[in-house]
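What follows is a short report on a single structure.
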Amino acid sequence: MKQYARAVALGITISLAAALLSTGQAQADEPTDVPIVIDMTDLSSFHDANDDSITVSSDTTTGAQRTITGSEASGDPVVIVVYLNSPESENPSRDSLNTLTTERGGEPNVPPPAEDNPQEADTSGFVPQTVIATTASTISVGWTGPSSATRFTLSINGSSLPPSSTPSFTVTGLVPDQAYQLAMESTYDQDPASSPETPPVSDQCPEPQSVVTTNLNSWDLSGSGSGGVSLLGQNGLQVMTVGNTTTDGGASGKRAVSVPMAELGTPSIEWDGASPVPAFDLTVDFNGDGEPDGVLTQSAGSHVWALNSEAAQFVKDTAPIQPTAPDTDFSAELSAWQGAFLDGEVTAIGFDQRNDAPTQGVLVGMTLGCTTYSFRSTDIEPAPATVSAQSSYVSVHTLKPGVPVSPRSDSRQLNAAATLATADPGLHSSEIAYRTFIPYETLNDSPSSSDRLIEQGCIRLNAALNPTKFPHPEDYTFVGDNRGFQQPDRDPNVHNYRTSMDFAWDWDQGQVLTQAKSVGQTTIVRRDDRSEIDHHFASTATMTFDNLVHSPDYAAVTLDHVANDPFCPHLFALGAISYQVRVSMYRSGLTSIWGDRFTMPSHEAWVRWNSSATWSNAFEGSATTLACLIGGAIARGTHHFNNCRANVVADISRTTDKWVSYNGQLGATQSGRVWGSGNAALFSPHADGSMYCTVSALVSAPPLPSQVKPLTVQVEEDSAIVLASDHHIYTWGSIQQGGLGRTWDWENDPNSYLIPTSVDNNEYKFVDQSRDTAFAVTTSGDIYTWGTRFYDTWTSEVPDPRVYETPTPSLLGADIDKVKAGDFTAVALDTSGHLYVYGVTADGFTTDWAPLPVPGVTFQDISIGANSYYAIDSTHRLWAWGQPAIQTDASDPDNPYAPISTPSLVTTGATFAKVSRTEAVDTEGKRYSWPTGNWYTNISIDSLAVAPITPPLP
């Protein structure tokens, strides 16, 4: 018998009564708590090392987690968590990946009414997997190891305890109310005689192979989003998604291989779980030059393989089956792809489980050609080998002596990617900025009359102490920050907040990079002219960074915050801003935030990575009333003012997102986010919400309806248009000249212009807008228009009606593919590659759509600039007419401003894939950007600089 070391890593993160607030109760000099005894064979009751029974105050089971709270004979609190799992798997189930939180304070939390309690889960068929019992100064751990395990190890804060022959450990002498990291490891023997039989040899694969994944070092999991997790266990790769489509994606992974296209066999996935089965991905070098050119994907239940949209153009051009409609996949049988690219080679295989719904299953293996890539450790053939142990951390807090605890009724499920995602070697630092601010210009602008009464209370107290400075208290008010939610300013000297706590962790050095706290100026001004009377700064002494713990891939800190009004320091209860949150950072790129706050003023948390110039919003909490500002001070550690207490819960991951569409002001990303900068009217409520304010940094635009993702986004003037995945067009922003394509009920719904809303019930495939005029193409090929109608600028014959407020038929029955809108002209392209023009042209004005023929040429893309028009033909040549900025074969060097009436060829050695109003992109991905405006003409396209146009994603 040969011995093989095999680590069974338990990826669980638990937080037990992490940071209970001080209640004035003194701690004993010597701990009176006794460690709990864990007997994995009998978990019906518990006792301590003195054989005294535990008094149980609550015993609840939710999902696959059982939580017991109670006290020892000494009265000291106890929390025991039992993680359950099905006997078929030795991996923690998805339901076991929970964060247990406890109510902070000196009084036990009163359980909610029975009807509000979650129903107890049916745990029949489940067995105990891991048990952790915590007291003030002890931690007891027990787990169920593999049946053949012979050696067990527990590490605490990186130091290993002596190994044991049983998976049961007790640690004593710990510091109360302190975080500790545990790592559990099981080592077991594998008998070669128990190895599975060699699969039968087939005619097609005379020497079938099995490559077993014993760790995930050979798999790239960086494509997974914050909604998915992949955990390697004995039976295979456990793949889970949380089913939240607003996250960055599901679970995915890929592995480098080298398989000729002619030898792919019948690719298959062995999946043990509910539908859907993960998609099978093949990364392919289609022309055999050593570089990947695209990805073929076979989705669950499909017999065809679809090419990804980012694939090289030559692959699309020579695809075995061309799309039957625009914006559809290049899809074909695998044999057809093989026949079209005989010299190709698969360079990587992968799986992709989307995050459309909660899923859980075990990916046993993937077969390509004559090789099965197995995740099941029992498929290892006997051979002398050692598998290195994998580390995973269990973060546990000891309890506070004498303070009873009970689980919060709103305990939430931890995003499993928090502890299990692969560390990102490109991540060097993670940073959070937690800020509070008053949204009003002054408190006199608050809509709450009680706010002004409370404000006057503080000012009158100051007037009593200094009557000369405040002779008429009713004449004064406090200054607010006069803003909405927005990123931290790039200028560190800008203090547009009440308080700020910033924490950054350096992953390379394993140490704190930034730990800063600051406050904004608190100012009293006259109500009438806003002239300053006095100002002070609040103390930061009670804003602290506590309970810092860290490992190579994990760091956590508690932001404990109390800041009172500096004008009333002698009455601490007046004006204290209060919150306490636990921030957990992971080198996978995830930052998790949870805790609670009092709901005055507004709270916001922003996260960034690698000291990026832009931040990503993790949490927003709007201001309520100054009564809650008072409540924060009075009720801290009690259960009063519960209507002012709110949870802070957020998970945000470093994005691997890509731009799908970007036009210089607004953009859409692959994951379904819309981002932008500029007029704040387009980005309310995430920006100031003012019609004419400007947001200088990237901020989130208003979200689209659930399950809907943007495909293209455009901004013209002050309105935004999004073509979404449900084939509807959503607009918001300015209502001028019918630009929204929908009516607006000012009286009954005054803010509807700020909310993305569908223009009608038609299904669309393309939309374009210029100033106040929009054109859209339905999925059946018809053109609709809305906004300001084109008219003959020479005769000034204004059409009637002047404005179409809703989508109106413009060209029917021509089977149009796309349409581009200019200031007074529109150009359309049909599915056969023919051009149409409407409006002002070089030859005059057309009152209806008219063909624009180019004999012997068909086109595949079009665009419009300033009095200029561009098109790419089916052979990837660039054409231009009107008054284009770039030279064409018809340009007149003696009269560069002379209009060109019909499309003229742009002579260059480049071949082009797409064109916009300001640039062309060649088939190699290079960008040729030209200036806009009709005073730029006759520029050689070969002289144009090549530069990207999209900013970095926040």
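These values consider heavy atoms only, across backbone and side chains, with no hydrogens, waters or symmetry-generated copies.
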Separation between [atom1] of [X] and [atom2] of [Y], rounded to the nearest 0.5 Å:
X      : Y      : atom1 : atom2 : value
His47  : Asp39  : NE2   : CG    : 8.0 Å
Tyr373 : Met366 : OH    : CE    : 10.0 Å
Arg597 : Phe619 : CZ    : CZ    : 4.0 Å
Leu559 : Ile432 : CG    : CD1   : 6.0 Å
Thr166 : Ile38  : OG1   : CD1   : 11.5 Å
His550 : Leu548 : NE2   : CG    : 5.5 Å

Donor-acceptor pair between [X] and [Y] side chains, under 3.5 angstrom:
X      : Y      : value
Asp33  : Ser137 : yes
Thr69  : Ser58  : yes
Thr544 : Asp560 : no

On the 0 to 90° scale, with breaks at 30° and 60°, tag the [X]-[Y] ring pair as parallel, tilted or perpendicular.
X      : Y      : result
Phe169 : Trp143 : parallel
Trp505 : Phe503 : parallel
Phe351 : Phe375 : perpendicular

Minimum heavy-atom distance [X]-[Y], with the two atoms named:
X      : Y      : result
Ala618 : Val607 : CB-CG2, 4.1 Å
Glu72  : Thr135 : OE1-CG2, 4.0 Å
Trp507 : Asp553 : CZ3-C, 3.5 Å
Ala133 : Ile36  : CB-CB, 3.7 Å
Thr591 : Met585 : OG1-CG, 4.0 Å
Phe545 : Val557 : CB-CG2, 4.0 Å

Pairwise side-chain contact, [X] with [Y], heavy-atom cut-off 4.5 Å (strictly under):
X      : Y      : value
Val648 : Ile593 : yes
Thr134 : Val78  : no
Ser53  : Phe46  : no
Thr558 : Val581 : no
Pro167 : Met40  : no
Thr67  : Ile80  : no
Ser140 : Pro35  : yes
Val583 : Tyr434 : no

Worksheet item: Can a salt bridge be assigned to the pair Asp59 and Arg66 using a cut-off of 4.0 Å between side-chain N and carboxylate O?
Response: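 Looking at Asp59 and Arg66, the cut-off is met.
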Discussion item. Evaluate Val81 against Val131 for side chain to side chain contact (heavy atoms under 4.5 Å, CB included), listing each step before the verdict.
Written reply: CA-CA 6 Å; Val81 179; Val131 181; over 6 Å; no
Can any side-chain N or O of [X] pair as donor or acceptor with the backbone N or O of [Y] at less than 3.5 Å?
X      : Y      : value
Asp506 : Gly510 : no
Arg582 : Asn547 : yes
Gln353 : Pro276 : yes

Worksheet item: Taking Val82 as the fixed residue, which of Thr130, Ile68, Ile132 is the one that meets the side-chain contact (heavy atoms from CB on, under 4.5 Å) rule?
Response: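 Running side-chain contact (heavy atoms from CB on, under 4.5 Å) over Thr130, Ile68, Ile132 with Val82 returns exactly one hit, Ile68.
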